[in-house]
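Remarks on the structure that follows.
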Amino acid sequence: GQSRMKIDLSVLLTPSFHQSRVIEKDGSKFVVKCYEGLSGLKWFLISPAFHLSYPFVASPEERMRRELDFLTSVSGKVNVPEVMDFDLEKKCIVRTFVEGERPRTAEEYRTVGEEISKIHSLGYVLGDAKPENFAVSDGKAYLIDAEQAIRSDDVRLRGWDLAVLFVFASYEVINNFERFKEIVNAVKHGYSGIEGLARAIFDLRHASLLALMPPTYQFYLRNALLSD
């Protein structure tokens with residue numbers, strides 16, 4: 001692979017339930033992410049279930065290619081970790097570690113909406129835009145997982161990204177409907193032009209995903225987005 005860092009990948013790259021692990025070198029933290037191993041099995045289950053909704057891939061090679069393409073193409077334009085090294089044979093990358101937490105507050109969700117809006121404007125969609133794939137640090141949202149990202153200007157796929165975000169956010173605040181309302185309005189504020197994607201979010205091909213959202217939450221989301 002490319003060698004910008006002198007890290008012995010062979011010591012680190014053993015099959016694992018966990019796809020990513022944090023290492024330290026010369027006082028800095030890095031993430032080693034390997035695409036083979038048991039954690040990648042989820043994509044073999046998810047891919048067929050949502051094949052009408054998004055072109056998910058399960059293969060380790062393709063997931064690595066997608067993430068490398070995305071991270072190297074958008075670096076400096078959106079908040080993402082920097083790729084330091086990769087090994088195509090072992091299907092692993094080394095990237096910088098982002099010190100941050102997943103979004104919790106309305107303001108943090110606003111920054112996530114802002115970041116997804118920027119990503120879409122650069123001609124990419126994510127496929128897996130759930131809150132835990134973002135880390136908020138110093139008021140900025142960083143996308144830290146992009147292994148399903150592809151180049152596309154398809155409005156429906158942009159809608160899928162936002163549907164994923166809202167469905168997973170609804171479970172983060174499953175017992176706090178007021179918090180969900182705050183999150184929806186924060187994302188609306190952060191994502192430039194979300195009104196134009198309202199119908200794409202509720203596309204029929206997303207019905208199986210949206211059915212996972214509590215009915216009262218989905219009713220509120222529809223009204224908040226489609227009534228404008």
Within the distance-only criterion (no hydrogens, no angle test), does the side chain of [X] pair as donor or acceptor with the backbone N or O of [Y] below 3.5 angstrom?
X    : Y    : answer
T111 : E108 : yes
Q218 : L210 : yes
S117 : S192 : yes
D161 : G127 : yes
T96  : E82  : yes
E115 : L143 : no
R158 : S121 : no
E147 : R66  : no
N185 : K181 : yes

- prompt: Would you say V31 and F86 are hydrophobically clustered, going by side-chain heavy atoms of ILVMFWY under 4.5 Å?
  reply: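 No; tracing contacts between hydrophobic side chains, which count when under 4.5 Å, never links both residues.
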task: Give the cluster check for L212 versus Y54: same hydrophobic cluster or not, with ILVMFWY residues linked at side-chain heavy-atom distances below 4.5 Å.
output: yes
task: Please work out which of the three classes, parallel, tilted or perpendicular, describes the rings of Y217 and F180, given edges at 30° and 60°.
output: tilted
Take atom [atom1] in [X]; do more than 12 heavy atoms of anything else shown fall under 6.0 Å from it?
X    : atom1 : answer
K140 : NZ    : no
E101 : CD    : no
R199 : CZ    : no
F177 : CZ    : yes

Heavy atoms only: give me the nearest [X]-[Y] pair and the separation to one decimal.
X    : Y    : answer
M64  : K91  : SD-CA, 3.4 Å
V98  : P81  : CG2-CG, 4.1 Å
A169 : Y109 : CB-OH, 3.8 Å

message: Test: salt bridge (charged side-chain N to carboxylate O under 4.0 Å, His left out). Region: residues 201-218. Which pairs qualify, not counting sequence neighbours?
response: D203-R205
task: Not counting sequence neighbours, list each pair that qualifies as a ring-ring contact (aromatic ring centres under 6.0 Å, His included) and has a residue in residues 193-215.
output: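 Every ring-ring contact (aromatic ring centres under 6.0 Å, His included) pair that includes a residue of residues 193-215, provided the two are not neighbours, is W160-H206.
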task: Let me know which of I119, I150, L122 forms a side-chain contact (heavy atoms from CB on, under 4.5 Å) with F70.
output: I119
For Y35, the option from R65, K90, E67 that meets side chain to side chain donor-acceptor pair (under 3.5 Å):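 Testing Y35 for a side chain to side chain donor-acceptor pair (under 3.5 Å) against R65, K90, E67 leaves exactly one candidate, E67.
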query: Should D145 and K130 count as an ion pair when the cut-off is N to O under 4.0 Å?
result: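 Judged by the 4.0 Å cut-off on N to carboxylate O distance, D145 and K130 do not form a salt bridge.
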task: Tell me, please, which residues at least two apart from R151 pass side chain to side chain donor-acceptor pair (under 3.5 Å).
output: D69, S73, Y124
